Amino acid sequence: PSGKMRPLTEMRPLTEEETRVMFEKIAKYIGENLQLLVDRPDGAYCFRLHNDRVYYVSEKILKLAANISGDKLVSLGTCFGKFTKTHKFRLHITALDYLAPYAKYKVWIKPGAEQSFLYGNHVLKSGLGRITENTCQYQGVVVYSMADVPLGFGVAAKSTQDCRKVDPMAIVVFHQADIGEYVRHEETLT
């Protein structure tokens with residue numbers, strides 16, 4: 001491997017505490033649908049940790065990878081996120097395609113607000129197209145375009161009811177991650 005890619009020398013299962021922290025974060029977005037990520041019709045999937053990053057990989061691929069020496073293996077599965085130095089779990093945008101189909105709470109933003117969100121900005125009331133009924137304040141949401149294309153993750157700054165009566169310039173969704181990161185942070189995404 002060349003450049004910034006590091007070989008996967010020590011990929012290990014998550015500890016009980018790491019699993020709890022990660023699952024709590026994912027559950028903010030998909031609730032009890034979390035079980036659907038692990039027990040899939042196409043086989044069992046698991047999470048593995050390497051260099052503070054959590055990878056989502058099928059057990060079948062994991063077994064095949066055991067035949068490759070660790071210093072030759074660069075990547076395995078999909079990076080779901082990473083643990084910070086304070087042991088919090090931060091979701092990466094690479095998890096979006098796996099979480100979006102199971103999202104319990106969604107926000108659709110108007111075409112004029114898409115670019116702003118994709119540059120890493122919060123969603124204002126003026127850019128809000130629709131929001132799932134009964135979304136609570138500080139609930140994890142998946143942000144979609146009006147054409148139902150998943151754009152990223154956010155946290156509801158206001159509940160559904162509060163969104164109806166706030167000022168057009170009020171923040172309604174705090175930005176967490178967006179697909180624009182593929183371009184903005186190309187060198188650090190794994």
Side-chain angles (χ1 to χ4, degrees), residues 4 21-38 40 45 47 52-57 75 77-86 88-160 162-164 166-190:
K4 295 185 186 242
V21 170
M22 183 192 69
F23 280 1
E24 281 177 2
K25 177 65 112 178
I26 294 172
K28 285 185 178 182
Y29 295 91
I30 64 173
E32 65 277 357
N33 290 337
L34 179 61
Q35 191 62 39
L36 299 172
L37 284 179
V38 182
R40 293 176 30 167
Y45 278 68
F47 293 95
D52 295 327
R53 284 182 164 65
V54 177
Y55 293 88
Y56 179 64
V57 62
S75 182
T78 301
C79 183
F80 249 54
K82 69 179 260 185
F83 283 98
T84 63
K85 290 186 180 1
T86 57
K88 291 186 176 127
F89 184 74
R90 179 166 293 131
L91 273 175
H92 279 194
I93 193 59
T94 44
L96 181 63
D97 289 340
Y98 294 95
L99 300 184
Y102 304 119
K104 294 191 67 143
Y105 298 96
K106 303 174 183 180
V107 169
W108 289 265
I109 57 176
K110 295 175 182 173
E114 284 179 29
Q115 186 173 5
S116 176
F117 181 74
L118 295 177
Y119 277 116
N121 297 312
H122 303 309
V123 178
L124 303 178
K125 165 67 162 96
S126 59
L128 181 66
R130 294 185 350 233
I131 185 169
T132 305
E133 267 313 308
N134 302 319
T135 301
C136 301
Q137 187 177 25
Y138 306 125
Q139 173 66 54
V141 295
V142 174
V143 178
Y144 286 84
S145 70
M146 292 305 282
D148 274 335
V149 175
L151 301 175
F153 303 114
V155 173
K158 308 273 184 224
S159 68
T160 303
D162 291 343
C163 284
R164 294 187 177 113
V166 296
D167 178 83
M169 296 311 288
I171 295 171
V172 293
V173 176
F174 296 120
H175 176 275
Q176 297 288 298
D178 67 83
I179 58 175
E181 290 175 29
Y182 284 117
V183 177
R184 292 195 316 271
H185 305 294
E186 186 177 3
E187 68 285 346
T188 57
L189 280 176
T190 55

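Values below: every heavy atom of this structure, side chains too, minus hydrogens, waters and symmetry copies. In this text, all values refer to a predicted model and were calculated from it rather than measured experimentally.
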Over all heavy atoms of both residues, which pair between A156 and C136 is shortest? Give the atoms and the distance, please. CB-O, 3.6 Å

Closest heavy-atom contact between E114 and I109? CA-CD1, 3.8 Å

Separation between NZ of K88 and OG1 of T86, rounded to the nearest 0.5 Å: 4.5 Å

Tell me which pairs pass side-chain hydrogen bond (donor to acceptor under 3.5 Å, both in side chains) where either residue lies in residues 121-130, with sequence neighbours left out. S116-N121

Tell me, please, which residues at least two apart from K28 pass side chain to side chain donor-acceptor pair (under 3.5 Å). none

Side-chain (T94) to main-chain (T78) donor-acceptor, under 3.5 angstrom: no

The reported gap from CG in L124 to NZ in K110 (rounded to nearest 0.5 angstrom) is 11.0 Å

Quick one: closest heavy-atom pair of G152 and I93, and the distance? CA-CD1, 3.9 Å

Just to verify, what does Q137 make a side chain to side chain donor-acceptor pair (under 3.5 Å) with, not counting sequence neighbours? none

Residue set satisfying side-chain contact (heavy atoms from CB on, under 4.5 Å) with I30, at least two apart, ordered chain then number -> I26, N33, L34, L37, L99, Y102

Roughly how far, to the nearest 0.5 Å, is CD1 of I131 from CD of Q139? 9.5 Å

With sequence neighbours excluded, what pairs up with Y56 under the ring-ring contact (aromatic ring centres under 6.0 Å, His included) test? Y45, F47, F80, Y98

Nearest 0.5 Å, what's the CG-OH distance between N134 and Y105? 7.0 Å

Mind checking salt bridge (Lys or Arg N to Asp or Glu O under 4.0 Å) for K104 and listing every partner two or more places apart, or none if nothing turns up? E32

Does atom CZ (F174) have a neighbourhood of more than 12 heavy atoms from anything else shown, all under 6.0 Å? yes

So does T160 get a backbone contact from the side chain of T135, meaning a donor-acceptor N/O pair under 3.5 Å? no

Mind checking the NZ-OH spacing from K158 to Y138? Nearest 0.5 Å is all I need. 7.5 Å

Please assess T132 against W108 for the test side-chain contact (heavy atoms from CB on, under 4.5 Å), listing each intermediate value before the final yes or no. CA-CA 9 Å; T132 305; W108 289 265; 4.1 Å; yes

Do other residues, nucleotides or ligands put more than 12 heavy atoms under 6.0 Å from R40 CZ? yes

Given V142, which partner from the list L151, L96, V107 fulfils the side-chain contact (heavy atoms from CB on, under 4.5 Å) test? L96

Output the distance between atom NE2 (H175) and atom OH (Y119), rounded to the nearest 0.5 Å. 12.5 Å

